[in-house]
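Numbering of residues begins at 1 and proceeds along the displayed sequence. The figures here come from the full heavy-atom set of this structure, side chains too, leaving out hydrogens, waters and symmetry mates. When a ligand or atom number is given, it counts from 1 through the structure's own listing order.
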Amino acid sequence: EITSVRKQPVFIFTKQDAFDQQRRMNVLSALRSSIRNPEQVMVHYQPIYDVATGRMVSAEALMRIKDEHLGFLPPSQFISLAEQSGLIVHLTKILLSKVCTLVRKNLGECALEYISVNLSGEDFNSSHIAGSLISIIEQEQIAPKKIGFEITESVALRSYEKVSQVMLELSLRDIKFALDDFGTGYSNLKALMDLPYAYVKFDKSVIHAAMADPAMLALLVDMLHTLGKVLIAEGVETEQQLEMVKSVGIERVQGFYYAKPMEEQAFLEMVG
Ligand code: C2E
Ligand code: MG
Ligand code: MG
Ligand code: MG
């Protein structure tokens, strides 16, 4: 008697896979726990400076998670899992509400233009995202223009209609947007021209690559200025990079050369 054996793909489950799987489960449970206990969601702030005056003009809010078992988690260890699981939507709201509280309590009178918050593609899949963000800002009774949002180009291109609708809705409240990590994606001209970004942030890889030959970056800068964008260089770590950034006409800088992301208290001391 002949039985036919259907061919199955073969998966080899290694010790490393088991370890990765366990790590994912642990990080997921840390994320769930931090959504129940928002004090485990930490916000670090990194200043953004005007290169002409050397003054701090704004700052970016960056998320970290503090877990009782896993300790301190940087974004590289949890953002993509938070996105895959959809939990990022809750984390974004927690972070935004913390930023708004800080603005109301400590930054209402200061000269900073805004604090920016990163949005993920997943945030745009959730319904009523614009309304939820606005209601968090209104609950804290701060001027909405004190908050900015950063969106990467890949997210903008993947969810173009939704992103452009949310941008328009929030722009009506005088909330501004930055195109994040510019130069790492497709650098799509349509997105740049049609979406109402006020700021474009060059990714640190672009800044570092331009050190050898800044001519191409200088052309990009001219084009973006023609479109009316205010430009920010990310990842400026050395004086030479700062000089190059100035020489091509980028007006703002965020990078370790000036300041690393820091805890709220240290940030407030720097703001003065
Ligand atoms: P991003 O939005 O492009 O943020 C800038 C990242 O570059 C930050 O890393 C910052 O610490 C780092 N950086 C700034 N200056 C320098 C420098 O001079 N040299 C180097 N080597 N790095 C510099 P961080 O805080 O680890 O965040 C990494 C990414 O994780 C962020 O990139 C963003 O995509 C994501 N992320 C962080 N917080 C949030 C959040 O609240 N929500 C979402 N959706 N994503 C977030
Ligand atoms: Mg960002
Ligand atoms: Mg960036
Ligand atoms: Mg980035």
Is there a path of hydrophobic side-chain contacts, each under 4.5 Å between heavy atoms of I/L/V/M/F/W/Y residues, joining [Y] to [X]?
X      : Y     : result
Met25  : Leu73 : no
Leu268 : Tyr45 : yes
Phe267 : Phe72 : no

Is a side-chain N or O of [X] found less than 3.5 angstrom from the main chain of [Y], in a donor-acceptor match?
X      : Y      : answer
His44  : Lys260 : no
Lys98  : Pro38  : yes
Lys162 : Phe124 : yes

### N/O/S atom of Asn118 inside 2.8 Å of the Mg ion (ligand 2), strictly under
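So Asn118 counts as coordinating the Mg ion (ligand 2), yes.
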### Results of salt bridge (charged side-chain N to carboxylate O under 4.0 Å, His left out) for Glu138 - residues two or more places apart only
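Scan of Glu138 (salt bridge (charged side-chain N to carboxylate O under 4.0 Å, His left out), adjacent residues dropped) gives Arg173.
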If you measure from [atom1] on [X] to [atom2] on [Y], what distance do you get to the nearest 0.5 Å?
X      : Y      : atom1 : atom2 : answer
Arg64  : Gln77  : CZ    : CD    : 11.0 Å
Glu122 : Leu91  : CD    : CG    : 12.0 Å
Leu242 : Ile207 : CG    : CD1   : 10.5 Å

#### Entry: Asp203 backbone or side-chain N/O/S under 2.8 Å from the Mg ion (ligand 3)
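No, since none of the N, O or S atoms of Asp203 sits under 2.8 Å from the Mg ion (ligand 3).
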### Message
At a threshold of 2.8 Å, where the distance has to be below it, does the Mg ion (ligand 3) have an N, O or S atom of Glu150 nearby?
### Response
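Not a single backbone or side-chain N, O or S atom of Glu150 is under 2.8 Å from the Mg ion (ligand 3).
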[X]: numbered ligand 1 atoms lying under 4.0 Å from its heavy atoms:
X      : result
Pro261 : 11 (O)
Leu95  : 41 (O)
Asp181 : 3 (O)
Gln46  : 10 (C), 14 (C), 15 (N)
Gly255 : 15 (N), 18 (O)
Lys204 : 7 (O), 20 (C), 21 (N), 22 (N)

### Task
Please work out whether any backbone atom (N, CA, C, O) or any side-chain heavy atom from C-beta onward of Leu62 is under 4.0 Å from ligand 1, and answer side chain, backbone, both or neither.
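The answer is both.
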### Query
Is it the side chain, the backbone, both or neither of Val236 that has a heavy atom closer than 4.0 Å to ligand 1?
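Only the backbone of Val236 comes within reach of ligand 1.
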### Query
Given side chains that start at C-beta, do those of Leu227 and Val200 come closer than 4.5 Å, heavy atoms only?
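No, every pair of side-chain atoms sits at 4.5 Å or beyond.
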### Query
Is Ser120 close to ligand 1, meaning an N/O of one under 3.5 Å from an N/O of the other?
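It does: an N or O of Ser120 is found under 3.5 Å from an N or O of ligand 1.
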### Message
Below the 3.5 angstrom mark, is there an N/O of Glu60, backbone or side chain, next to an N/O of ligand 1?
### Response
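Yes; at least one N/O pair falls below 3.5 Å.
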### Query
Considering only N, O or S atoms, which atom of Asp181 is nearest to the Mg ion (ligand 3)?
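It is OD1 of Asp181.
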### Query
What atom name does the N, O or S atom of Asp180 nearest to the Mg ion (ligand 3) carry?
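Of all N, O or S atoms belonging to Asp180, OD1 is the one nearest the Mg ion (ligand 3).
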### Query
Quick one: salt bridge (charged side-chain N to carboxylate O under 4.0 Å, His left out) pairs with a partner in residues 143-160, sequence neighbours left out?
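Only Glu150-Lys201 qualify under salt bridge (charged side-chain N to carboxylate O under 4.0 Å, His left out).
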### Query
Are the aromatic rings of Phe202 and Phe182 close, with centres under 6.0 Å apart?
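So the answer is yes for these two rings.
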Look at [atom] and find which of [options] reaches it with the closest heavy atom.
atom                    : options               : result
atom 40 (C) of ligand 1 : Glu234, Met63, His44  : Met63
atom 35 (C) of ligand 1 : Pro75, Pro74, Ala61   : Pro75
atom 42 (N) of ligand 1 : Asn118, Thr152, Val43 : Asn118

### Task
Identify, by name, the N, O or S atom of Glu60 lying closest to the Mg ion (ligand 2).
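Looking only at N, O and S atoms of Glu60, the one nearest the Mg ion (ligand 2) is named OE2.
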### Task
Determine, using heavy atoms of Asp180 and all atoms of ligand 1, whether some pair is separated by less than 4.0 Å.
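The answer is yes, since Asp180 has a heavy atom less than 4.0 Å from ligand 1.
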### Message
Just to check, does Arg64 reach to within less than 4.0 Å of ligand 1 when the distance is taken from its heavy atoms?
### Response
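Right, Arg64 reaches ligand 1.
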